[in-house]
Visitor: 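This is the structure, below, for whatever I ask next.
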Amino acid sequence: MSQNFKASDVASHNKADDLWIIVDEDVYDLTKFQDEHPGGKKILTRVAGKDASKQFWKYHNEGILKKYKKSLQVGSLDSKKPKVEAAKPSPAVAAPKPTKEAKKVVEEEAEALEPYGDLIPFADPSWYQGYHSPYFNESHAALRAEIREWVESDIEPYVTEWDEKKEVPREIFLEAGRRGYLAGLLGVHYPVEYTKNTVRSVPPEQWDLFHEMIVTDELSRVGSGGFVWNMIGGYGIGGPPLIKFGKKELKDRIMPGILSGEQRICLAITEPDAGSDVANLTCEAKLSEDGKHYIVNGEKKWITNGIWCDYFTTAVRTSDKGMNGVTLLLIERSFGGVSTRRMDCQGVWSSGTTYITFEDVKVPVENVLGKENQGFKVIMTNFNHERMGIIIQCLRFSRVCYEESVKYGNKRRTFGKKLIEHPVIRMKLAHMARQIEASYNWLENLIFQCQRMGETEAMLRLGGPIAGLKAQSTLCFEFCAREAAQIFGGLSYSRGGQGAKVERLYRDVRAYAIPGGSEEIMLDLSMRQSLRVAKMSGMKL
Ligand code: HEM
């Protein structure tokens with residue numbers, strides 16, 4: 001039970017061997033912690049026994065209190081008022097009376113959802129800020145709150161630590177499985193046939209692509225590509241081909257373990273010599289004489305999550321006919337002959353980027369996903385889902401850079417003013433915001449189209465725009481990371497501390513601009529594909 005103190009009680013703990021401070025009317029005992037305080041011992045001694053709220057907020061952000069509260073807080077001031085539930089704000093739009101004439105309007109014009117979050121303009125999508133939206137309803141809002149609560153208490157305070165260790169505790173992935181999030185991330189209906197876990201705030205039959213988007217978006221608020229890729233970077237692109245194209249017996253055996261998070265899957269396409277140029281891959285699968293197995297030999301490079309995976313959704317060459325000789329195989333680590341080693345990379349440290357070697361791996365033909373030599377189409381279909389994931393992450397990371405900058409700009413003072421009061425800083429923020437909002441509105445529209453179009457129509461008609469938006473969002477992310485780094489100055493150059501998210505995201509930029517189709521290839525594809533499809537549908541020039 002938390003104790004109550006008077007300010008005069010705290011004042012008596014004012015020495016190095018008995019050091020208490022007050023932050024926001026909560027009382028902390030730093031006697032033991034002072035030796036490990038990264039900001040030094042002396043600075044704490046100077047505020048021993050005092051209210052150090054102002055000094056604290058100058059040097060730290062919220063994550064620090066969340067992380068250390070449990071171990072350091074000994075109580076609160078007796079003046080502190082207990083938290084009362086904020087009164088629910090009235091809906092932004094009054095419900096129209098259900099008269100006959102108005103009934104149609106009532107049905108068609110949904111009310112705006114209640115404002116949510118910190119309400120910093122452009123730091124969250126407009127539907128968080130009381131704007132009307134045709135896409136989001138109460139179930140989306142409930143899911144958003146459910147994930148945010150988990151992320152803020154169990155994930156965000158530890159992300160910097162995990163990034164430095166290049167690993168996320170397995171328990172977090174398992175919890176994502178228990179909470180039903182993993183099952184909702186495969187770009188298909190919610191797969192109740194393979195899991196008993198469902199999402200608390202959304203019935204499985206209501207699950208849609210906007211719910212899926214919210215899971216990725218809210219996870220990305222932690223500002224770490226490594227963390228997000230650890231959770232969904234292998235799973236979200238390796239899992240869909242299995243659930244969409246795998247044989248029933250294979251899925252019945254494997255899907256439950258994957259959806260619960262107990263087993264892990266990744267996508268292995270890229271090779272040391274073939275990146276975006278999928279038609280030229282060389283990892284070979286030879287059919288055995290009895291036609292029952294493939295023998296796989298070859299290498300894969302830059303494979304997200306590979307070091308932790310049990311299953312590898314792998315593109316292999318089964319004939320020499322270029323793109324018509326590629327097959328997708330589910331390779332299981334337990335078959336033997338699979339070696340994985342961690343690669344050292346510039347960014348996304350906790351995502352487990354991997355180099356894989358397959359040596360005479362014996363894979364049953366039942367593990368083919370789709371049909372032999374028709375893997376290219378499966379891979380292309382999968383790219384749309386992968387790129388949408390990348391876009392969602394990049395745009396949230398751009399918002400994180402922007403949000404961190406607005407918050408920091410409101411506390412840091414230079415030349416007698418807050419940073420935000422300097423027009424040059426506001427100009428940077430404005431350029432970030434206009435790019436984020438324009439890109440995000442395109443994203444919402446494309447998600448809606450993915451939801452309405454069938455798989456083949458989406459592959460044809462949305463391939464171009466999704467490629468264009470992928471390039472747009474990685475460029476937006478690069479711009480925002482750069483501008484935020486300039487605003488944070490030295491704090492974004494050293495790791496950890498107040499600039500931690502910005503420093504980390506700046507390092508993660510290339511991990512988004514290159515994989516999943518580089519910016520150059522995306523921009524070119526966006527035009528080629530869109531023009532090709534438009535020609536087929538009767539474009540007049
Ligand atoms: C509950 C009490 C406190 C805790 C748990 C705490 C924790 C930390 C941590 C973890 C850091 C590393 C940087 C980061 O991750 O943000 C840090 C840095 C720092 N802290 Fe504290 N701190 C506390 C109170 C204070 C107070 C009261 C002051 C000032 C009077 C202070 C001054 C600093 C300074 C100057 C740095 C270095 C900032 C930099 O590198 O830019 N801390 N603290």
Side-chain angles (χ1 to χ4, degrees), residues 2-5 7 9-77 80 151-166 168 221-224 226-227 349-350 400-401 403-414 418-419 484-507:
S2 173
Q3 257 187 285
N4 280 339
F5 300 100
D9 299 332
V10 180
S12 59
H13 301 271
N14 60 359
K15 295 176 285 299
D17 58 357
D18 178 18
L19 198 167
W20 290 16
I21 64 164
I22 301 164
V23 177
D24 292 350
E25 298 185 280
D26 288 327
V27 180
Y28 296 86
D29 180 352
L30 305 184
T31 315
K32 289 190 185 130
F33 174 72
Q34 60 184 316
D35 285 331
E36 58 190 79
H37 179 229
K41 220 165 151 175
K42 264 276 175 301
I43 199 163
L44 295 180
T45 328
R46 269 183 241 133
V47 289
K50 295 182 190 155
D51 186 337
S53 307
K54 212 171 149 199
Q55 294 89 331
F56 181 85
W57 290 117
K58 187 171 174 196
Y59 298 117
H60 316 81
N61 46 24
E62 273 170 14
I64 298 290
L65 279 191
K66 280 190 186 135
K67 187 169 169 187
Y68 288 94
K69 221 175 191 7
K70 266 188 227 144
S71 57
L72 300 178
Q73 189 182 352
V74 287
S76 300
L77 289 187
K80 187 171 179 179
V151 166
E152 290 192 344
S153 68
D154 295 355
I155 298 174
E156 198 170 351
Y158 310 99
V159 161
T160 301
E161 214 173 279
W162 298 340
D163 204 61
E164 295 292 320
K165 276 196 197 150
K166 304 191 170 169
V168 175
R221 283 185 63 253
V222 301
S224 165
F227 169 74
W349 285 355
S350 48
V400 168
C401 291
E403 178 176 352
E404 292 295 296
S405 302
V406 173
K407 287 183 173 164
Y408 184 65
N410 271 282
K411 73 176 174 185
R412 166 87 168 134
R413 297 181 75 87
T414 58
K418 285 182 181 174
L419 275 188
Q486 289 303 108
I487 292 173
F488 271 83
L491 286 181
S492 73
Y493 183 64
S494 46
R495 291 221 290 277
Q498 293 190 78
K501 283 186 183 173
V502 174
E503 185 276 329
R504 189 166 54 229
L505 287 175
Y506 193 81
R507 257 191 287 127

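Counting starts at 1 for both ligands and their atoms, following the listed order.
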Visitor: With a cut-off of 4.0 Å, which atoms of ligand 1 are near a heavy atom of Tyr68?
Guide: 5 (C), 10 (C)
Visitor: Please tell me if atom 11 (C) of ligand 1 is touched by the protein, where touching means a protein heavy-atom distance below 4.0 Å.
Guide: yes
Visitor: Report the nearest protein non-hydrogen atom to atom 13 (C) of ligand 1: residue, atom name, distance rounded to 0.1 Å.
Guide: Gly497 CA, 3.6 Å
Visitor: Between Gln498 and Lys411, does any side-chain donor sit less than 3.5 Å from a side-chain acceptor?
Guide: yes
Visitor: Which atoms of ligand 1 are found less than 4.0 Å from any heavy atom of Leu491?
Guide: 41 (O)
Visitor: Does only the side chain of Ile64 get under 4.0 Å from ligand 1, or the backbone, or both, or neither? Count heavy atoms.
Guide: side chain
Visitor: Check each heavy atom of Leu44 against ligand 1 and say whether those closer than 4.0 Å belong to the side chain, the backbone, both or neither.
Guide: side chain
Visitor: For Glu62, I'd like to know if atom CD has over 12 heavy atoms of other residues, nucleotides or ligands within 6.0 Å.
Guide: no
Visitor: Just jot down the ligand 1 atoms closer than 4.0 angstrom to any heavy atom of Ala52, in number order.
Guide: 27 (C)
Visitor: Taking both backbone and side-chain atoms of His60, is any N or O found less than 3.5 Å from an N or O belonging to ligand 1?
Guide: yes
Visitor: Give the residue, atom name and distance (to 0.1 Å) of the protein heavy atom nearest atom 30 (C) of ligand 1.
Guide: Gln55 CB, 3.5 Å
Visitor: Using a 4.5 Å cut-off on heavy atoms from C-beta on, say whether the side chain of Asn61 contacts that of Tyr408.
Guide: no
Visitor: Using 4.0 Å as the upper bound for N to carboxylate O, is an ion pair formed by Asp163 and Arg507?
Guide: yes
Visitor: From atom 15 (O) of ligand 1, is the closest protein heavy-atom distance below 4.0 Å?
Guide: yes
Visitor: Looking at atom 4 (C) of ligand 1, what's its closest protein heavy atom, distance included?
Guide: Phe33 CE2, 3.6 Å
Visitor: Suppose we measure from atom 37 (C) of ligand 1 to each protein heavy atom; which comes out shortest, and what is that distance?
Guide: Gly39 CA, 3.8 Å
Visitor: Is any NZ, NE, NH1 or NH2 atom of the basic residue among Lys80 and Asp24 found under 4.0 Å from an Asp or Glu carboxylate oxygen of the other?
Guide: no
Visitor: Under the side-chain hydrogen bond (donor to acceptor under 3.5 Å, both in side chains) criterion, do Asp26 and Gln73 qualify, and how do the steps go?
Guide: CA-CA 7 Å; Asp26 288 327; Gln73 189 182 352; 3.2 Å; yes
Visitor: Heavy-atom distances under 4.0 Å are what count here, so tell me which part of His37 touches ligand 1: side chain, backbone, both or neither.
Guide: side chain
Visitor: Between His60 and Phe56, how do the two ring planes meet: parallel, tilted or perpendicular, split at 30° and 60°?
Guide: parallel
Visitor: My understanding is that only one of Asp29, Asn14, Leu44 makes a side-chain contact (heavy atoms from CB on, under 4.5 Å) with Leu19; could you say which?
Guide: Leu44
Visitor: Starting from atom 3 (C) of ligand 1, which protein heavy atom do you reach first, and at what distance in Å?
Guide: Phe56 CE1, 3.6 Å
Visitor: Determine, for Glu156 against Lys67, whether the closest basic-nitrogen to carboxylate-oxygen distance falls under 4.0 angstrom.
Guide: no
